[in-house]
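Computation of the quantities below employed the complete heavy-atom set of this structure, encompassing side-chain atoms and omitting hydrogens, waters and symmetry-equivalent molecules. Lettering of chains follows the sequences in order, A, B, ..., and the numbering in each one begins at 1.
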2 protein chains.
Amino acid sequence: MARKRFDDSSCSVARALNEVGDWWSLLVVLHAMYGARRFVDFQQELGIARNILCDRLTRLVDNEVLKKVDVGEHGSRFEYRLTEKGRDLFPIVIALRQWGDKWNPAPDQPPLDLRDRATGRPIRQVAVQNADGDSLTIRDVFVRDDGEATPRKDKKQAG
Amino acid sequence: MARKRFDDSSCSVARALNEVGDWWSLLVVLHAMYGARRFVDFQQELGIARNILCDRLTRLVDNEVLKKVDVGEHGSRFEYRLTEKGRDLFPIVIALRQWGDKWNPAPDQPPLDLRDRATGRPIRQVAVQNADGDSLTIRDVFVRDDGEATPRKDKKQAG
DNA sequence: TAATAGGGTTGCATTTTAAAACCAGATTAA
DNA sequence: TTAATCTGGTTTTAAAATGCAACCCTATTA
(Lines give C-alpha, C1' and ligand atoms only; values in the text may rest on other atoms or scores of the structure.)
Protein backbone atom coordinates (compact mmCIF):
# COMPACT_ATOMS: atom_id res chain seq x y z
CA MET A 1 0.00 0.00 0.00
CA ALA A 2 0.90 3.61 -0.25
CA ARG A 3 3.43 5.10 2.04
CA LYS A 4 1.89 7.04 4.85
CA ARG A 5 2.15 10.78 4.73
CA PHE A 6 1.99 13.14 7.64
CA ASP A 7 0.79 16.33 5.95
CA ASP A 8 -1.92 16.97 8.46
CA SER A 9 -0.34 15.41 11.49
CA SER A 10 -0.69 17.46 14.64
CA CYS A 11 2.98 16.71 15.30
CA SER A 12 5.30 19.26 13.77
CA VAL A 13 8.13 16.75 13.64
CA ALA A 14 5.94 14.51 11.50
CA ARG A 15 5.02 17.46 9.29
CA ALA A 16 8.68 18.36 8.90
CA LEU A 17 9.59 14.78 8.05
CA ASN A 18 6.81 14.79 5.51
CA GLU A 19 8.74 17.39 3.54
CA VAL A 20 12.36 16.38 4.07
CA GLY A 21 12.14 13.02 5.79
CA ASP A 22 12.78 10.65 2.92
CA TRP A 23 16.07 9.15 1.90
CA TRP A 24 17.06 11.76 -0.62
CA SER A 25 15.51 15.11 0.17
CA LEU A 26 17.85 16.17 2.95
CA LEU A 27 20.84 15.09 0.88
CA VAL A 28 19.60 17.25 -1.97
CA VAL A 29 19.32 20.16 0.46
CA LEU A 30 22.79 19.39 1.80
CA HIS A 31 24.31 19.51 -1.64
CA ALA A 32 22.43 22.69 -2.37
CA MET A 33 24.18 24.08 0.70
CA TYR A 34 27.47 22.81 -0.69
CA GLY A 35 26.76 24.89 -3.76
CA ALA A 36 25.00 22.56 -6.19
CA ARG A 37 22.39 24.33 -8.26
CA ARG A 38 21.95 22.48 -11.53
CA PHE A 39 20.12 19.26 -12.19
CA VAL A 40 23.29 17.58 -13.38
CA ASP A 41 25.23 18.77 -10.33
CA PHE A 42 22.85 17.01 -7.99
CA GLN A 43 22.66 13.99 -10.24
CA GLN A 44 26.39 13.51 -10.44
CA GLU A 45 27.24 14.39 -6.86
CA LEU A 46 24.53 12.23 -5.35
CA GLY A 47 24.44 9.37 -7.83
CA ILE A 48 20.66 9.53 -7.65
CA ALA A 49 18.40 8.19 -10.40
CA ARG A 50 17.24 10.98 -12.66
CA ASN A 51 13.52 10.35 -12.25
CA ILE A 52 13.87 10.26 -8.48
CA LEU A 53 15.89 13.47 -8.53
CA CYS A 54 13.20 15.03 -10.70
CA ASP A 55 10.53 14.00 -8.26
CA ARG A 56 12.46 15.25 -5.23
CA LEU A 57 13.34 18.58 -6.78
CA THR A 58 9.72 19.09 -7.77
CA ARG A 59 8.52 18.24 -4.30
CA LEU A 60 11.10 20.46 -2.62
CA VAL A 61 10.06 23.29 -4.93
CA ASP A 62 6.38 22.63 -4.15
CA ASN A 63 7.21 22.79 -0.46
CA GLU A 64 9.20 25.98 -0.98
CA VAL A 65 12.45 24.52 0.28
CA LEU A 66 13.98 25.20 -3.13
CA LYS A 67 13.00 27.62 -5.83
CA LYS A 68 13.43 26.90 -9.52
CA VAL A 69 15.03 29.77 -11.38
CA ASP A 70 15.18 30.08 -15.14
CA VAL A 71 18.70 31.17 -15.95
CA GLY A 72 18.72 30.48 -19.68
CA GLU A 73 19.00 33.49 -21.91
CA HIS A 74 16.74 31.67 -24.33
CA GLY A 75 14.91 29.50 -21.80
CA SER A 76 15.38 25.89 -20.79
CA ARG A 77 18.26 26.28 -18.41
CA PHE A 78 17.43 26.17 -14.71
CA GLU A 79 18.88 26.46 -11.28
CA TYR A 80 17.49 25.16 -8.03
CA ARG A 81 18.29 27.52 -5.19
CA LEU A 82 17.61 27.31 -1.50
CA THR A 83 14.85 29.51 -0.14
CA GLU A 84 14.99 30.96 3.34
CA LYS A 85 12.96 27.97 4.45
CA GLY A 86 15.58 25.72 2.89
CA ARG A 87 18.51 27.58 4.42
CA ASP A 88 16.72 27.27 7.73
CA LEU A 89 17.46 23.54 7.59
CA PHE A 90 21.11 24.40 8.26
CA PRO A 91 21.05 23.53 11.98
CA ILE A 92 19.35 20.22 11.23
CA VAL A 93 21.90 19.25 8.61
CA ILE A 94 24.79 20.27 10.84
CA ALA A 95 23.32 18.44 13.83
CA LEU A 96 23.00 15.33 11.68
CA ARG A 97 26.58 15.72 10.51
CA GLN A 98 27.87 16.06 14.05
CA TRP A 99 25.84 13.07 15.18
CA GLY A 100 27.17 11.00 12.30
CA ASP A 101 30.73 12.10 13.01
CA LYS A 102 30.38 11.28 16.68
CA TRP A 103 28.68 7.90 16.47
CA ASN A 104 29.70 6.62 13.03
CA PRO A 105 33.01 8.25 12.26
CA ALA A 106 34.55 7.50 8.90
CA PRO A 107 37.36 5.03 9.54
CA ASP A 108 39.88 6.60 7.23
CA GLN A 109 39.31 10.32 7.28
CA PRO A 110 38.77 13.07 9.83
CA PRO A 111 35.36 14.74 10.06
CA LEU A 112 34.73 17.89 8.11
CA ASP A 113 36.21 20.80 10.05
CA LEU A 114 33.60 23.57 9.91
CA ARG A 115 34.69 26.95 11.13
CA ASP A 116 33.39 30.43 11.70
CA ARG A 117 34.39 32.51 8.70
CA ALA A 118 34.83 35.59 10.83
CA THR A 119 37.15 34.16 13.47
CA GLY A 120 38.48 30.94 11.98
CA ARG A 121 37.51 29.05 15.09
CA PRO A 122 35.54 25.78 15.03
CA ILE A 123 31.79 25.87 15.40
CA ARG A 124 30.10 24.53 18.50
CA GLN A 125 28.21 21.32 18.87
CA VAL A 126 24.58 21.99 17.98
CA ALA A 127 22.55 21.70 21.17
CA VAL A 128 19.21 22.46 22.74
CA GLN A 129 19.78 25.39 25.08
CA ASN A 130 17.88 27.27 27.73
CA ALA A 131 17.54 31.04 27.73
CA ASP A 132 21.00 31.39 29.25
CA GLY A 133 22.66 29.28 26.58
CA ASP A 134 23.18 26.23 28.77
CA SER A 135 22.84 22.90 27.01
CA LEU A 136 19.81 20.85 27.91
CA THR A 137 19.19 17.12 27.65
CA ILE A 138 15.79 15.58 27.22
CA ARG A 139 15.51 15.24 30.97
CA ASP A 140 15.98 18.96 31.46
CA VAL A 141 12.89 20.04 29.55
CA PHE A 142 9.16 19.73 30.07
CA VAL A 143 6.08 20.57 28.05
CA ARG A 144 4.23 23.58 29.35
CA ASP A 145 0.50 23.05 29.05
CA ASP A 146 -1.78 25.93 28.14
CA GLY A 147 -2.12 28.31 31.03
CA GLU A 148 0.45 26.67 33.19
CA ALA A 149 2.73 29.13 34.92
CA THR A 150 5.44 27.19 36.69
CA PRO A 151 7.54 24.11 36.01
CA ARG A 152 6.61 20.98 37.92
CA LYS A 153 8.65 17.88 38.57
CA ASP A 154 5.89 15.48 37.60
CA LYS A 155 5.33 16.69 34.06
CA LYS A 156 5.78 14.24 31.28
CA GLN A 157 8.98 14.43 29.31
CA ALA A 158 9.05 16.42 26.13
CA GLY A 159 10.00 15.63 22.60
CA MET B 1 15.98 -1.89 -7.72
CA ALA B 2 16.81 -1.83 -4.07
CA ARG B 3 16.93 1.43 -2.25
CA LYS B 4 20.37 2.86 -2.05
CA ARG B 5 22.07 2.76 1.30
CA PHE B 6 24.82 5.01 2.51
CA ASP B 7 26.55 2.80 5.10
CA ASP B 8 29.98 3.48 3.77
CA SER B 9 29.47 6.93 2.40
CA SER B 10 32.27 9.33 3.15
CA CYS B 11 29.59 11.88 4.06
CA SER B 12 28.59 11.71 7.69
CA VAL B 13 25.20 13.21 6.91
CA ALA B 14 24.56 10.32 4.56
CA ARG B 15 25.73 7.85 7.17
CA ALA B 16 23.44 9.43 9.75
CA LEU B 17 20.50 9.35 7.36
CA ASN B 18 21.27 5.73 6.69
CA GLU B 19 20.37 4.99 10.30
CA VAL B 20 17.54 7.38 11.03
CA GLY B 21 16.71 8.88 7.65
CA ASP B 22 13.64 6.92 6.66
CA TRP B 23 10.05 7.87 7.21
CA TRP B 24 9.55 6.14 10.53
CA SER B 25 12.81 5.83 12.42
CA LEU B 26 13.02 9.38 13.72
CA LEU B 27 9.36 9.27 14.74
CA VAL B 28 10.06 6.10 16.68
CA VAL B 29 12.95 7.87 18.40
CA LEU B 30 10.73 10.89 19.05
CA HIS B 31 8.10 8.77 20.73
CA ALA B 32 10.76 7.00 22.72
CA MET B 33 11.72 10.47 23.96
CA TYR B 34 8.07 11.10 24.79
CA GLY B 35 8.22 8.03 26.97
CA ALA B 36 7.10 5.15 24.76
CA ARG B 37 8.90 1.91 25.54
CA ARG B 38 6.70 -1.00 24.59
CA PHE B 39 5.98 -2.37 21.17
CA VAL B 40 2.28 -1.63 21.56
CA ASP B 41 2.97 1.94 22.72
CA PHE B 42 4.81 2.74 19.52
CA GLN B 43 2.28 0.89 17.44
CA GLN B 44 -0.71 2.72 18.86
CA GLU B 45 0.86 6.17 19.11
CA LEU B 46 2.32 6.10 15.63
CA GLY B 47 -0.31 4.08 13.80
CA ILE B 48 2.54 2.26 12.07
CA ALA B 49 2.10 -1.17 10.51
CA ARG B 50 3.36 -3.86 12.89
CA ASN B 51 5.79 -5.45 10.48
CA ILE B 52 7.32 -2.08 9.67
CA LEU B 53 7.58 -1.23 13.35
CA CYS B 54 9.27 -4.57 13.92
CA ASP B 55 11.76 -3.87 11.20
CA ARG B 56 12.49 -0.34 12.40
CA LEU B 57 12.91 -1.35 16.03
CA THR B 58 15.25 -4.14 15.00
CA ARG B 59 17.29 -1.80 12.86
CA LEU B 60 17.45 0.89 15.54
CA VAL B 61 18.59 -1.74 18.02
CA ASP B 62 21.20 -3.01 15.53
CA ASN B 63 22.43 0.54 15.14
CA GLU B 64 22.48 1.02 18.92
CA VAL B 65 20.02 3.88 18.89
CA LEU B 66 17.70 1.79 21.04
CA LYS B 67 18.40 -1.16 23.31
CA LYS B 68 15.98 -4.01 23.82
CA VAL B 69 15.51 -4.87 27.46
CA ASP B 70 13.79 -8.01 28.70
CA VAL B 71 11.47 -6.89 31.48
CA GLY B 72 9.32 -9.99 31.79
CA GLU B 73 9.62 -11.95 35.00
CA HIS B 74 9.15 -15.08 32.96
CA GLY B 75 10.51 -13.77 29.68
CA SER B 76 8.79 -12.47 26.59
CA ARG B 77 8.07 -8.95 27.72
CA PHE B 78 10.35 -6.26 26.35
CA GLU B 79 11.09 -2.60 26.43
CA TYR B 80 12.90 -0.51 23.88
CA ARG B 81 14.91 2.21 25.56
CA LEU B 82 17.02 4.99 24.14
CA THR B 83 20.76 4.58 24.36
CA GLU B 84 23.08 7.53 24.79
CA LYS B 85 23.45 7.52 21.02
CA GLY B 86 19.68 7.69 20.73
CA ARG B 87 19.32 10.45 23.31
CA ASP B 88 21.96 12.32 21.36
CA LEU B 89 19.39 12.76 18.61
CA PHE B 90 17.58 15.23 20.86
CA PRO B 91 18.91 18.39 19.16
CA ILE B 92 17.99 17.00 15.74
CA VAL B 93 14.45 16.17 16.78
CA ILE B 94 13.99 19.55 18.44
CA ALA B 95 15.46 21.37 15.45
CA LEU B 96 13.03 19.51 13.20
CA ARG B 97 10.16 20.39 15.51
CA GLN B 98 11.09 24.06 15.50
CA TRP B 99 11.48 24.07 11.73
CA GLY B 100 8.08 22.44 11.34
CA ASP B 101 6.48 24.87 13.76
CA LYS B 102 8.02 27.82 11.97
CA TRP B 103 7.32 26.87 8.37
CA ASN B 104 4.32 24.56 8.63
CA PRO B 105 2.49 25.59 11.76
CA ALA B 106 -0.58 23.61 12.70
CA PRO B 107 -3.56 25.75 11.76
CA ASP B 108 -5.60 25.07 14.86
CA GLN B 109 -3.21 24.65 17.73
CA PRO B 110 -0.16 26.40 19.15
CA PRO B 111 3.22 24.72 18.91
CA LEU B 112 4.44 22.60 21.78
CA ASP B 113 5.83 24.90 24.45
CA LEU B 114 9.07 23.31 25.59
CA ARG B 115 10.69 24.78 28.66
CA ASP B 116 13.71 24.42 30.87
CA ARG B 117 12.68 22.33 33.85
CA ALA B 118 15.00 24.24 36.12
CA THR B 119 13.85 27.77 35.33
CA GLY B 120 10.50 27.34 33.60
CA ARG B 121 11.66 29.54 30.76
CA PRO B 122 11.28 28.59 27.08
CA ILE B 123 14.15 26.90 25.31
CA ARG B 124 16.08 28.68 22.60
CA GLN B 125 15.88 28.11 18.90
CA VAL B 126 18.40 25.39 17.99
CA ALA B 127 21.16 27.03 15.98
CA VAL B 128 24.66 26.57 14.68
CA GLN B 129 26.91 28.72 16.83
CA ASN B 130 30.48 29.87 16.87
CA ALA B 131 32.72 29.54 19.89
CA ASP B 132 31.17 32.66 21.42
CA GLY B 133 27.64 31.35 21.09
CA ASP B 134 26.67 33.62 18.20
CA SER B 135 24.33 32.07 15.68
CA LEU B 136 25.80 31.32 12.28
CA THR B 137 24.14 30.92 8.91
CA ILE B 138 25.51 28.81 6.12
CA ARG B 139 27.29 31.87 4.74
CA ASP B 140 29.16 32.36 7.99
CA VAL B 141 31.02 29.06 7.93
CA PHE B 142 33.74 27.54 5.80
CA VAL B 143 35.43 24.16 5.56
CA ARG B 144 38.93 24.16 6.91
CA ASP B 145 41.12 21.92 4.83
CA ASP B 146 43.84 19.82 6.41
CA GLY B 147 46.70 21.98 7.54
CA GLU B 148 45.05 25.26 6.78
CA ALA B 149 45.54 27.80 9.50
CA THR B 150 43.45 30.84 8.67
CA PRO B 151 40.04 31.50 7.19
CA ARG B 152 39.92 32.71 3.62
CA LYS B 153 37.17 34.49 1.78
CA ASP B 154 37.33 32.31 -1.29
CA LYS B 155 36.68 28.96 0.37
CA LYS B 156 33.73 26.95 -0.77
CA GLN B 157 30.67 26.97 1.41
CA ALA B 158 30.22 24.23 3.91
CA GLY B 159 27.47 21.79 4.65
C1' DT C 1 25.84 20.07 -39.77
C1' DA C 2 26.75 16.84 -36.38
C1' DA C 3 27.69 15.98 -31.78
C1' DT C 4 26.84 16.86 -27.22
C1' DA C 5 24.99 18.96 -22.86
C1' DG C 6 20.88 20.10 -20.06
C1' DG C 7 16.61 18.78 -18.20
C1' DG C 8 13.68 15.97 -18.22
C1' DT C 9 9.83 11.58 -19.12
C1' DT C 10 8.67 6.67 -19.89
C1' DG C 11 8.92 1.55 -19.20
C1' DC C 12 10.19 -2.12 -16.62
C1' DA C 13 11.92 -5.20 -12.95
C1' DT C 14 12.84 -5.19 -8.12
C1' DT C 15 11.95 -3.56 -3.35
C1' DT C 16 9.34 -1.42 0.25
C1' DT C 17 5.34 -0.46 2.34
C1' DA C 18 0.63 -0.93 4.64
C1' DA C 19 -2.91 -3.58 6.05
C1' DA C 20 -4.82 -7.53 7.71
C1' DA C 21 -4.57 -12.33 8.96
C1' DC C 22 -2.30 -15.49 11.62
C1' DC C 23 0.57 -17.41 15.59
C1' DA C 24 2.51 -18.64 20.10
C1' DG C 25 3.72 -17.72 24.82
C1' DA C 26 2.15 -14.95 29.11
C1' DT C 27 -1.40 -12.93 31.71
C1' DT C 28 -5.99 -11.97 33.28
C1' DA C 29 -11.01 -12.82 33.85
C1' DA C 30 -14.78 -15.85 34.73
C1' DT D 1 -9.01 -24.18 34.97
C1' DT D 2 -10.53 -22.79 30.89
C1' DA D 3 -11.31 -19.02 27.89
C1' DA D 4 -10.25 -14.53 26.54
C1' DT D 5 -6.87 -11.18 25.95
C1' DC D 6 -2.31 -9.00 25.79
C1' DT D 7 2.29 -8.89 23.78
C1' DG D 8 5.41 -9.27 20.28
C1' DG D 9 5.90 -10.77 16.52
C1' DT D 10 5.70 -13.34 11.13
C1' DT D 11 3.24 -14.14 6.69
C1' DT D 12 0.61 -12.86 2.78
C1' DT D 13 -0.91 -9.71 -0.62
C1' DA D 14 -1.42 -5.56 -3.42
C1' DA D 15 -0.04 -0.87 -4.11
C1' DA D 16 3.79 2.37 -4.33
C1' DA D 17 8.51 3.73 -4.56
C1' DT D 18 13.03 2.93 -6.41
C1' DG D 19 16.88 2.32 -9.82
C1' DC D 20 18.27 1.72 -14.32
C1' DA D 21 18.25 2.34 -19.06
C1' DA D 22 16.27 4.23 -23.05
C1' DC D 23 14.19 7.92 -25.16
C1' DC D 24 12.90 13.12 -26.21
C1' DC D 25 13.34 17.89 -27.08
C1' DT D 26 15.82 22.19 -26.85
C1' DA D 27 20.15 24.74 -26.76
C1' DT D 28 24.91 25.10 -27.39
C1' DT D 29 29.46 23.74 -29.19
C1' DA D 30 32.84 21.57 -32.45
Protein-nucleotide distance ([X], atom [atom1]; [N], atom [atom2]), rounded to Å:
| X | N | atom1 | atom2 | value |
| --- | --- | --- | --- | --- |
| A:L46 | D:dT18 | CG | C1' | 15 Å |
| B:D22 | D:dA16 | CG | C1' | 16 Å |
| B:F39 | C:dG25 | CZ | P | 18 Å |
| A:L53 | C:dG8 | CG | P | 8 Å |
| A:I52 | C:dG8 | CD1 | P | 15 Å |
| B:R77 | D:dT5 | CZ | C1' | 11 Å |
| A:W24 | C:dT15 | CH2 | P | 17 Å |
| B:F42 | D:dT7 | CZ | C1' | 14 Å |

**Study point:** Strand contacts (DNA chain D) in residues 54-62 of chain A, 4.0 angstrom heavy-atom criterion
**Key:**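 The stretch gives A:R56 as the residues lying under 4.0 Å from the strand, ordered by number.
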Measure from the side chain of [X], starting at C-beta and using heavy atoms only, and say which of [options] lies closest.
| X | options | value |
| --- | --- | --- |
| B:F78 | C:dT17, D:dG19, D:dG8 | D:dG8 |
| B:R3 | C:dG7, C:dG8, D:dT18 | D:dT18 |
| B:V40 | C:dA19, D:dT7, C:dT17 | D:dT7 |

Exercise for review: Answer yes or no: is there a donor N or O on one side and an acceptor on the other, between the side chain of A:T83 and the main chain of A:V65, under 3.5 Å?
Suggested key: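 Yes, the answer is positive, given that a donor and an acceptor are paired below the 3.5 Å cut-off.
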Point to revise | Over all atoms of both residues, closest heavy-atom pair of A:Q43 and A:I48 | key: NE2-O, 2.8 Å
Check your understanding: Closest nucleotide of DNA chain D for B:E79 versus for A:I48: which of these residues is on the 5' side?
Key ->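 Closer to the 5' end of DNA chain D: B:E79.
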Exercise for review: Would you mind telling me which residue lines up with the more 5' stretch of DNA chain C, A:W23 or A:Y80, judged by nearest nucleotide?
Suggested key: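 Residue closer to the 5' terminus by nearest nucleotide: A:Y80.
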Review point. Which pairs count as side chain to side chain donor-acceptor pair (under 3.5 Å) when at least one residue sits in residues 55-65 of chain A, sequence neighbours excluded?
Key: A:D22-A:R56
Practice item. Could you list the residues that satisfy ring-ring contact (aromatic ring centres under 6.0 Å, His included) with A:Y80, not counting sequence neighbours? Key: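 ring-ring contact (aromatic ring centres under 6.0 Å, His included) check on A:Y80 returns nothing, list empty.
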Check your understanding: Which pairs, with at least one residue in residues 84-94 of chain A and sequence neighbours excluded, count as a salt bridge (charged side-chain N to carboxylate O under 4.0 Å, His left out)?
Key -> A:E19-A:K85, A:D88-B:K102
Point to revise | Pairs where residues 118-132 of chain B contributes a residue and the test salt bridge (charged side-chain N to carboxylate O under 4.0 Å, His left out) is met, not counting sequence neighbours | key: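 Residue pairs with at least one partner in residues 118-132 of chain B: A:R121-B:D132, A:D132-B:R121.
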Exercise for review: May I ask you to check whether B:W24 and A:F6 place their ring centers less than 6.0 Å from one another?
Suggested key: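 Distance test on ring centres: under 6.0 Å, yes.
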Restricting to nitrogen or oxygen on both sides, can you table the protein-nucleotides 12-14 of chain C pairs closer than 3.5 Å?
| from | atom 1 | to | atom 2 | distance (Å) |
| --- | --- | --- | --- | --- |
| C:dT14 | O2 | B:M1 | N | 3.4 |

Counterpart residues, salt bridge (charged side-chain N to carboxylate O under 4.0 Å, His left out), relative to [X] (two or more places apart):
| X | answer |
| --- | --- |
| B:D41 | none |
| B:R5 | none |
| B:R38 | none |

**Study point:** Side-chain N,O (A:K4) to OP1/OP2 (C:dA19) below 4.0 Å
**Key:**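 Answer yes for this pair, as a side-chain N or O of A:K4 is under 4.0 Å from OP1 or OP2.
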Review point. Taking atom types as they are modelled, is there a donor-acceptor pair under 3.5 Å from the base of D:dG8 to the side chain of B:R50?
Key: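 It does, because a donor-acceptor pair links the side chain of B:R50 to the base of D:dG8 below 3.5 Å.
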